[in-house]
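All values below come from the heavy atoms of this structure, side chains included, with hydrogens, waters and symmetry mates left out. As the structure is a prediction and not an experimental result, all values here were calculated from the model.
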Amino acid sequence: SVSILIFNTSRQCFVVVKQFRPAVYMCEVERHHPQLFQNQDKESFSRLEDPLPAVVGVTYELCAGIVDKPHLSLEETACEEILEECGYRVPVTNLKKITSYRSGVGVTGSRQTLFYAEVTDQMRAGEGGGQPEEGELIEVVEIPLEDSMKFAYDETLPKTMGVIFSFTWFQNNVAPKLPKK
């Protein structure tokens with residue numbers, strides 16, 4: 001898979017996505033209703049008296065996608081995901097590879113490549129939001145640079161490790177080179 005740290009230089013903010021993740025929701029259901037998972041009766045599970053709101057399954061994430069088109073390079077896949085999920089048209093030459101690492105090591109053990117892309121308001125080509133026909137319902141969220149580290153470590157905001165790592169990478173590698181206000 002690929003993931004992309006997107007920084008909008010026009011507004012000095014990060015562009016991330018927010019979406020519902022069924023696995024996160026089910027973990028919250030299990031945490032709040034452990035008896036459901038102790039009792040293997042499927043009938044009692046379908047009659048949850050006090051269902052949790054869907055929002056407990058929503059997470060903040062980097063723009064990302066699986067590599068499922070063999071004719072596309074990782075960079076081309078990343079550019080497609082940026083357009084689909086966040087609405088920015090980014091040329092392949094604007095991507096900078098940060099690193100590759102293993103993700104989902106307890107389940108899939110897949111390899112993910114993390115890229116960095118700078119965008120401007122002029123590069124906006126659409127609303128983003130993913131592809132509803134593929135079951136994607138994505139909200140594009142902007143995190144101001146000055147709030148990014150507070151956001152990264154705020155445990156009340158569910159996010160992936162990729163968000164925390166990439167914001168830290170940015171602070172160490174890009175922020176020192178930004179023009180001072």
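- Considering every non-hydrogen atom in both Val90 and Ala117, the closest pair reads CG1-CB, 4.3 Å.
- When hydrophobic clusters are built by joining Ile, Leu, Val, Met, Phe, Trp and Tyr residues whose side-chain heavy atoms come closer than 4.5 Å, directly or via intermediates, Val141 is grouped together with Met161.
- Considering all non-hydrogen atoms of both residues, Arg124 and Gly126 come closest at NE-O, 2.9 Å.
- Within the 4.5 Å cutoff, side-chain heavy atoms of Asn94 are placed close to those of Met123.
- The CD1 atom of Ile138 sits 7.5 Å away from atom SG of Cys86, with the distance rounded to the nearest 0.5 Å.
- Counting non-hydrogen atoms of neighbouring residues, nucleotides and ligands closer than 6.0 angstrom, the CZ atom of Arg89 reaches no more than 12 such neighbours.
- Taken from CG in Leu52 to CE in Met26, the straight-line distance is 9.5 Å, to the nearest 0.5 Å.
- Using cut-offs of 30° and 60° for the angle between ring planes, the Phe170 and Phe14 rings count as perpendicular.
- Judged by distance alone, the side chain of Arg21 and the main-chain N or O of Ala23 form no donor-acceptor pair under 3.5 Å.
- Separating the CD1 atom in Ile143 from the CG atom in Asn8 is a distance of 12.5 Å, to the nearest 0.5 Å.
- Closest non-hydrogen pair, Phe115 versus Ala78, comes out as CD1-CB, 3.9 Å.
- Residue Phe165 is grouped with residue Tyr153 when hydrophobic side chains (ILVMFWY) are merged at heavy-atom distances under 4.5 angstrom, including chains of intermediate members.
- Leu74 and Ile98 fall into different hydrophobic clusters, where Ile, Leu, Val, Met, Phe, Trp and Tyr are joined by side-chain heavy atoms under 4.5 Å apart, directly or via other members.
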Original post:
Taking it one step at a time, do Val17 and Tyr60 satisfy side-chain contact (heavy atoms from CB on, under 4.5 Å)?
Top reply: CA-CA 6 Å; Val17 297; Tyr60 293 89; over 6 Å; no

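- A donor-acceptor pair under 3.5 Å links the side-chain atoms of Gln12 to the main chain of Thr9, judged by distance alone.
- Put simply, the side chain of Asn173 gets close to the backbone of Trp169: a donor and an acceptor are under 3.5 Å apart.
- In plain terms, the two heavy atoms of Glu81 and Cys63 that are nearest each other are O-SG, 3.5 Å.
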Subject >> Verdict with reasoning, Met149 to Thr168, per side-chain contact (heavy atoms from CB on, under 4.5 Å) >> reply: CA-CA 7 Å; Met149 293 315 291; Thr168 303; 3.5 Å; yes

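- When atom types are taken as modelled, the side chain of Ser10 and the backbone of Asp121 share a donor-acceptor pair closer than 3.5 angstrom.
- Between the CD1 atom in Ile82 and the CD1 atom in Ile4 there is a gap of 4.5 Å [rounded to 0.5 Å].
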**OP:** Begin with the C-alpha distance, continue with both residues' side-chain angles, and end with the deciding distance and a verdict on side-chain contact (heavy atoms from CB on, under 4.5 Å) for Val140 and Val15.
**Re:** CA-CA 7 Å; Val140 180; Val15 180; 3.6 Å; yes

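- Connection of Val174 to Leu62 is established within a shared hydrophobic cluster, with ILVMFWY side chains joined at heavy-atom distances below 4.5 Å, either directly or through further cluster members.
- One finds the CD atom of Gln112 at 3.5 Å from the OG atom of Ser1 (value rounded to the nearest 0.5 Å).
- Residues Tyr25 and Val58 fail the side-chain proximity criterion, which asks for heavy atoms closer than 4.5 Å.
- Atoms CD and CD, on Glu80 and Glu76 in that order, are 8.0 Å from each other to the nearest 0.5 Å.
- Seen from the ring of Phe151, Lys159 counts as a face-on cation partner, given the 6.0 Å and 45° thresholds.
- In the hydrophobic cluster analysis, where Ile, Leu, Val, Met, Phe, Trp and Tyr join through side-chain heavy atoms closer than 4.5 angstrom, Val24 is grouped apart from Ile164.
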**OP:** Given side-chain contact (heavy atoms from CB on, under 4.5 Å), test Thr113 with Tyr101 step by step and report yes or no.
**Re:** CA-CA 7 Å; Thr113 301; Tyr101 51 88; over 6 Å; no

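- The existence of a salt bridge linking Glu61 and Lys18 is excluded, since no basic side-chain nitrogen approaches an acidic carboxylate oxygen closer than 4.0 Å.
- Counting heavy atoms from C-beta outward, Leu145 and Leu178 have side chains that approach closer than 4.5 Å.
- Counting only heavy atoms from C-beta outward, the side chains of Glu146 and Cys13 never approach each other to under 4.5 Å.
- Here Tyr116 and Phe7 keep their ring centres 6.0 angstrom or further from each other.
- Heavy-atom minimum distance, Leu95 versus Cys79: CD1-SG, 3.7 Å.
- Using a distance-only test at 3.5 Å, with no hydrogens or angles considered, no donor-acceptor pair links the side chain of Glu118 to the main chain of Ile6.
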